[in-house]
Structure formats: C-alpha cells, structure tokens
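Convention: sequence-line order gives letters A, B, ...; per-chain numbering from 1. Note that the coordinates shown come from a computational prediction; the quantities given were computed from them, not determined experimentally.
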2 protein chains.
Amino acid sequence: MKYIEKLRNSGLRPTKQRLQICEILFNTDKTFHFTINELEQKIKKQANNKISLATVYNTVHAFEKKGYLKQIPINSSETYFDTNVTDHHHFYDLKEEKLIDLDNSDVGPINILKKINGKKIKSVEVLVKLED
Amino acid sequence: MKYIEKLRNSGLRPTKQRLQICEILFNTDKTFHFTINELEQKIKKQANNKISLATVYNTVHAFEKKGYLKQIPINSSETYFDTNVTDHHHFYDLKEEKLIDLDNSDVGPINILKKINGKKIKSVEVLVKLED
DNA sequence: ATTGTAGTTTATAATGATTCTAAAAAAGTG
DNA sequence: CACTTTTTTAGAATCATTATAAACTACAAT
Ligand SMILES: [Mn+2]
Ligand SMILES: [Mn+2]
Ligand SMILES: [Zn+2]
Ligand SMILES: [Zn+2]
C-alpha cells in the first residue's frame, strides 16, 4: 500500500480506515472539494466495510492537521475540505453550492500592504461568489 | 428616531427591538464585526429590556437581506457579521479569533481572469489568516 | 509469539449554534 | 375602534460537530 509510509512518516498509524480514506481522497490525479457527509457517502458506496462517522471526522481533522487537507473558509451549513493543499482560490456558486478552483494564475498576485504587529501571514485566500 | 425611515423604506416595520438593534449596530462612525452572541450581550448590557434571541436572529438576517449587514465567510463556530457593507477584505487573527478590516487600498486590485459560463461575479473577498 | 502500552475506532450521548413553531403582541390601515 | 398583517417570543427541534468511554488494534519490547 502506497499510503502506509505517508501515514507512518506523519506519526499516524496506518489503520485500514485511514488507508481507505486515503484511497478515496488521494488516489487520483484530480483534486476535489468535499464535505464530511459527501465523504461518508463515498465510503459507503466503495466497500461493504463501514467506517464510523466519528472516525471520518477524526481522520479528516488529523489529515488537515498534517497538511494533507485544507479547510475552505466559507459560510455553509457544512464544512468544506479540499484535497488541493497548494495556494489557490475559489469560486463559490451560490446556487449550486459548489466550489470551483481558481489557480493563482487566474487571480493576479495579491499583495497585502497592511502589516499587523507581531503577526505573520499564514494564508491568503480569495473567495469569489457567483450568481446567475 | 433616525432609523424609522430607513426601516420603513426597506419594508420593515420600525419596532422597538429593531430600533434598539439599529442603535447598537449603526449609531457609530466606526463599523465593526460581531457574532449573534456578542450582539446579544450588548443588548443585555444596554438596557433593562431584553430581546428574544429569535428576534435577534430574525433582525440580523432581515438586515443582511436588505444589505445593511454582510456575512463574513469564515470557518468559525459562530457566524460573523459586518456593519461595513462596502467592498473590503479581512485579516483573521487565528489566535484571538478576531477580524480586522483590510481596505481595498491595503490589497492590490484583484482581477479574476477565469470566467464561468452563465455566471456573474457577485463578490470578491480576500481572507488573510494571521498567526504569531 | 506473548505481553504491554499507547493509539485508534466505535456507538452513542452531548453540545451548541441556528432554525422552526405557533401563540401572543404590536403595527399599520381606514 | 375593528381588522389584517407583521413581528415578537419562549420553547422545541434540528443537525453538524465534538465528547465519552469502552472495545479494539498496531506495534514494540520482552
Ligand atoms: Mn473542524
Ligand atoms: Mn444565517
Ligand atoms: Zn480548491
Ligand atoms: Zn469588515
């Protein structure tokens, strides 16, 4: 299994639950956005083994903490996560409630001129809301 | 009362609850960010009259719908609102859990190059997360 | 392999922000 | 005032998320 090392190197034991979730999230060239609920559905469909909802939450948060997932800042009833952890931005289609990636090249360079004493910038994220 | 007309013109009856919330939110030169809970606290302190939590929610959502408040897209346990409804951006201090305004002049012009068929841009918001 | 231990999973309960409900109160109209 | 519509309200319901604590598992040391 290709994810065993990745998990071990992160200090996470490669359990079968985590490996299954790795397969769903990372075993593809395309990155994507998802909610916990959507991930839960994929897990159910994929195999006859079910993973406890608590474990799905735990795993997603563990992966986020390790930098394998990003949480997308958006006001929605559910939290969105992103398997694309590179710096990039998003369209949010208000009607469809769907996120669409915006590469850095789709958005000019963003230069934050204001500085806050004793704080440093961790991330700069642009959210572009779309309507019909 | 200076807010009676404003409310009437919006098709909202100027009730004493709405007027009191108007005073708290708009009777100042400075704009600010708040959660429903923080607004609730201010209401309690301000007067001996209490407003039902449901009414606070109703009023804030009504004002948002009329364009007198903006919801700030951020992942927090509580929803943040902004009395500054002009186009502007935010720092989010992760430690303090506080929002700080970023004027458009503090952020260069943002040019979204990608277009989505049949959709138009409603807003462009930058969130800059700060850490120590 | 057997044991011991820390880490993980799980079902379930708890939490808490937000929304819903339906009855009472207030506002607007004439 | 009489009538209609809107609003307020307390409390219940919702629901995503987190906490709990017991069972299970990975894994290293014996
Ligand atoms: Mn989370
Ligand atoms: Mn809302
Ligand atoms: Zn993305
Ligand atoms: Zn602001």
Q: Starting from P on D:dT7, measure out to CG on B:Leu53 and report it in whole angstrom.
A: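 That distance rounds to 18 Å.
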Q: Compare side-chain N and O positions of A:Arg8 against OP1 and OP2 of D:dA26 and report whether any pair is under 4.0 Å apart.
A: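 No, no such contact exists.
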Q: Please determine whether a side-chain nitrogen or oxygen atom of A:Thr79 lies at a distance below 4.0 Å from atom OP1 or OP2 of D:dT17.
A: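 It does, given that an N or O in the side chain of A:Thr79 lies less than 4.0 Å from OP1 or OP2 of D:dT17.
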Q: Could you walk me through whether A:Leu7 and A:Phe63 satisfy the side-chain contact (heavy atoms from CB on, under 4.5 Å) test, starting with their C-alpha distance in whole Å, then the side-chain angles of each, then the deciding distance to 0.1 Å, before giving a yes or no?
A: CA-CA 9 Å; A:Leu7 290 172; A:Phe63 287 0; 3.6 Å; yes
Q: Report the residues that fulfil salt bridge (Lys or Arg N to Asp or Glu O under 4.0 Å) with B:Asp93, sequence neighbours left out, ordered by chain and then residue number.
A: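 Here the qualifying residues are A:Lys119.
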Q: Tell me whether the side-chain N/O atoms of B:His61 come closer than 4.0 Å to OP1 or OP2 in C:dT18.
A: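 For B:His61, the contact criterion (side-chain N or O under 4.0 Å from OP1 or OP2 of C:dT18) is not met.
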Q: Of A:Ala54 and B:Ala54, whose nearest nucleotide on DNA chain C comes first from the 5' end?
A: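 It is A:Ala54, whose closest nucleotide lies nearer the 5' terminus.
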Q: For DNA chain C, determine which residues of residues 10-18 of chain B have any heavy atom closer than 4.0 angstrom to one of its atoms, and list them numerically.
A: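 Within residues 10-18 of chain B, the residues near DNA chain C are B:Arg13, B:Pro14.
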Q: Quick check on A:Lys122: does its NZ atom have over 12 non-hydrogen neighbours (other residues, nucleotides or ligands) under 6.0 Å away?
A: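 Open.
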Q: Once you apply a heavy-atom cut-off of 4.0 Å, does B:Asn37 come out as touching a base, just sugar-phosphate, or nothing?
A: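 Nothing: the residue B:Asn37, judged by heavy atoms under 4.0 Å, touches no strand.
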Q: Which pairs of donor and acceptor atoms, one on a side chain in residues 34-43 of chain B, lie under 3.5 Å apart (sequence neighbours left out)?
A:
| unit_1 | atom_1 | unit_2 | atom_2 | d |
| --- | --- | --- | --- | --- |
| B:Thr35 | OG1 | B:Glu38 | N | 3.1 |
| B:Thr35 | OG1 | B:Glu78 | OE1 | 3.4 |
| B:Glu38 | OE1 | B:Thr35 | N | 3.1 |

Q: Answer yes or no: does a side-chain N or O of B:Thr55 lie under 4.0 Å from OP1 or OP2 of D:dT9?
A: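 Yes, because at least one side-chain N or O of B:Thr55 sits under 4.0 Å from OP1 or OP2 of D:dT9.
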Q: Please find the pair of heavy atoms, one from A:Leu113 and one from B:Ser105, that lie closest to each other, and give the distance.
A: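 Minimum heavy-atom contact is CD1-O, 3.3 Å.
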Q: Tell me the interatomic distance from B:Leu19, atom CG, to D:dT7, atom C1', rounded to whole angstroms.
A: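 Distance check: B:Leu19 CG to D:dT7 C1' gives 13 Å.
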Q: For B:Tyr92 and B:Tyr80, take the angle between the two ring planes, folded into 0 to 90°, and tell me which bin it lands in: parallel under 30, tilted 30 to 60, perpendicular over 60.
A: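 Because their plane-to-plane angle is over 60°, the rings of B:Tyr92 and B:Tyr80 count as perpendicular.
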Q: Can you check the B:Ile51 CD1 to D:dG11 C1' distance for me, whole Å?
A: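 Checked: the CD1 to C1' distance equals 18 Å.
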Q: If you compare every side-chain N and O of B:Tyr57 against the phosphate oxygens of C:dT18 (OP1, OP2), does one of them come in below 4.0 Å?
A: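 So the side-chain polar atoms of B:Tyr57 do come within 4.0 Å of the phosphate oxygens OP1 or OP2 of C:dT18, strictly under.
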Q: In this structure, how many angstroms lie between the P atom of D:dT8 and the CG atom of B:Asn58, rounded?
A: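 Rounding to the nearest Å, CG of B:Asn58 and P of D:dT8 are 7 Å apart.
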